[in-house]
**Q** 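Okay, here's the structure, questions in a sec.
Numbered from 1 within each chain, the chains take letters A, B, ... in sequence-line order. Because the structure is predicted, anything quoted here is derived from the model rather than measured.
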2 protein chains.
Amino acid sequence: MVRSMADDRWVPPTVLLAVDLVILTLRNACLQVLLVERGIDPYQGMFALPGGFLNHEREDLVTAAHRELAEEAGLGPDQLHLEQLAVYGAPDRDPRGRVVSAAYLAIAPRLPEPIAGTDAVQACWTPVAQALSGAPRLAFDHEQILADGVDRAREKLERTALATAFCGPTFTIAELQDVYEIVWGVPLDPRNFYRKVQSADGFIVPADASRKTDGGRPARLFRPGPRTTLHPPMPRPHSRADKEKA
Amino acid sequence: MVRSMADDRWVPPTVLLAVDLVILTLRNACLQVLLVERGIDPYQGMFALPGGFLNHEREDLVTAAHRELAEEAGLGPDQLHLEQLAVYGAPDRDPRGRVVSAAYLAIAPRLPEPIAGTDAVQACWTPVAQALSGAPRLAFDHEQILADGVDRAREKLERTALATAFCGPTFTIAELQDVYEIVWGVPLDPRNFYRKVQSADGFIVPADASRKTDGGRPARLFRPGPRTTLHPPMPRPHSRADKEKA
DNA sequence: GGAATAGTGTCTGTAAGACATTATCCG
DNA sequence: CGGATAATGTCTTACAGACACTATTCC
């Protein structure tokens, strides 16, 4: 582990460890990510993913992620999916010095409008498509991190029950379908979708006190079931772009 | 990013950054991982994944991974798959202090027997099944890292062309099937496997100077094709264990 | 009844699972 | 020839894609 070199007292370099968050949610039929406006240099005034350094020497990474989630987005650990995304450690990714960032992906259900960061910073939901096309250019390598996070979410929709994390405690099948359609950016057939989710035992379970209105026939309500993985996966139509790459 | 607290001069804690490698290969019809015997404390004499601290302040993470790959396994960057696995940062994972480890997954083709670590440390291939069942108990949280690495490899075989990374520059279809069977630990039907890989355009391409012998009809040789992802994926039989969990 | 949305059914093509047969090498 | 391994073919079943219909609410 430690190199046995000429200099016996060689000590490895230390780095600053940050935790950055890709927090995704659905708003206005649109996949959105939470961005904060940076109040200090570097990149002052630009937008960035919420995040920050470890608070103290003994803070766990996931703990730090949850802390930032609370501080900057007001989101508690319940009713929220959180998973590690990747580490970003390019030597020049932060002008202040060697900062390595552990990125986490969080999926939040639809929330009451105003996300007030308790940290007195500007936090606002931004459509992912906008952020990725450089509309507000993001600080650091956060555009890359965001892209990776969205990719991960798209992939996990196929093989896991992650979609329910975008919904509230109960939801209709149409709402669940919206999740897939919006995150993937493709239309799905309601009948086939229906058949699929119903035949995947344990994916969603009926919330028996079921009802909800919209002008038409009331839809049954469901809650997330015990199943976390989907076999076979939810079929994902391939966009032309994907096919060109393949 | 930086917290605006009472103490204006608060500085974030620093950590030591290590890079650890899960290097997988196929030997003796068995999935094996490269382990090194630790020469110093902590965990002196125990086995661990190859790895080490960053060499200097400006070393990139992937660069460090490649360096360790060369130093401890004698593996160059060619003919080798390398991808990031995850970060491990539990505060007490290293008794020396706060050490955060970026784990990388490497897939090596079958190699001529002796892997001589140039670093004068004992490096030896060990069957993954053994290492995971605690036969040689691994140092730190390396058992977890190894498990995650194997999981990742298993998953990626389904949806990507990763399997070819286990093979040499050219290979037969039977050899490719071996990869799947050994890594997944399940038998596959040769005919169906044949049909599948042949119908996946660009997965493997014939290496026209084709031949190889074994006592039977010579098999055609193939090289990895341009395609990196498999649509639809290679079907993976589910073991009973998987079904119980689902 | 009409508009609107929810839920169900049917047909068809594609691809996976199971299994038999032919082809090409060695001795 | 026989033994061995490679390559190809056929039948059946599961499931996705496409599309038509019935059901329940509000007006």
**Q** Return the polar atom pairs (N/O with N/O) between nucleotides 23-27 of chain D and the protein under 3.5 Å, or none.
**A**
unit_1, atom_1, unit_2, atom_2, d
D:dA23, N3, A:Arg217, NH1, 3.3
D:dT25, OP1, A:Arg211, NH2, 3.3

**Q** Rounding to a whole Å, what distance do you find between B:Ile204:CD1 and D:dA6:C1'?
**A** 13 Å

**Q** Mark up nucleotides 9-16 of chain D, 5' to 3', with B wherever a protein heavy atom is under 4.0 angstrom from a base atom, S wherever such an atom reaches only the sugar-phosphate, and - elsewhere.
**A** B------B

**Q** What is the distance from CD of A:Gln177 to C1' of C:dG7, rounded to the nearest Å?
**A** 13 Å

**Q** Would you say the side-chain atoms of A:Gln130 pair up with the backbone N or O of A:Pro127, donor to acceptor, closer than 3.5 Å?
**A** no

**Q** Return the value, rounded to whole Å, for the distance between atom CE of A:Met234 and atom C1' of D:dG17.
**A** 14 Å

**Q** Is B:Tyr194 reaching over with its side chain to a backbone N or O of B:Ile173, donor-acceptor style, under 3.5 angstrom?
**A** no

**Q** Let me know the distance between CG of B:Leu176 and C1' of D:dA6, rounded to the nearest Å.
**A** 15 Å

**Q** Could you give the CZ-to-P distance, from B:Phe193 to C:dA18, as a whole number of Å?
**A**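 That distance rounds to 16 Å.
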
**Q** Starting at atom CZ of B:Arg220, determine the distance to atom P of D:dT5, rounded to an integer number of angstrom.
**A**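 Those two atoms, CZ and P, are 19 Å apart.
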
**Q** Just by modelled atom types, is the A:Leu188 backbone N or O under 3.5 Å from a matching donor or acceptor in the A:Glu181 side chain?
**A** yes

**Q** What is the distance, to the nearest angstrom, from the CD atom on A:Glu175 to the P atom on C:dG7?
**A**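 Going from CD in A:Glu175 over to P in C:dG7 covers 11 Å.
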
**Q** With rounding to the nearest 0.5 Å, note down the distance linking NE2 in B:His142 to OH in B:Tyr88.
**A**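 If we round to the nearest 0.5 Å, B:His142:NE2 and B:Tyr88:OH are 10.0 Å apart.
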
**Q** Roughly how many Å is it from OH in A:Tyr194 to C1' in D:dA20, rounded to a whole number?
**A**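 The answer, rounded to whole Å, is 17 Å.
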
**Q** Find the distance between CD (B:Glu68) and CD1 (B:Ile23) and round it off to the nearest 0.5 Å.
**A** 9.0 Å

**Q** With no hydrogens and no angle check, is any side-chain donor or acceptor of B:Asp141 less than 3.5 Å from a backbone partner on B:Gln144?
**A**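 Flag not set: sc B:Asp141 to bb B:Gln144 has no pair under 3.5 Å.
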
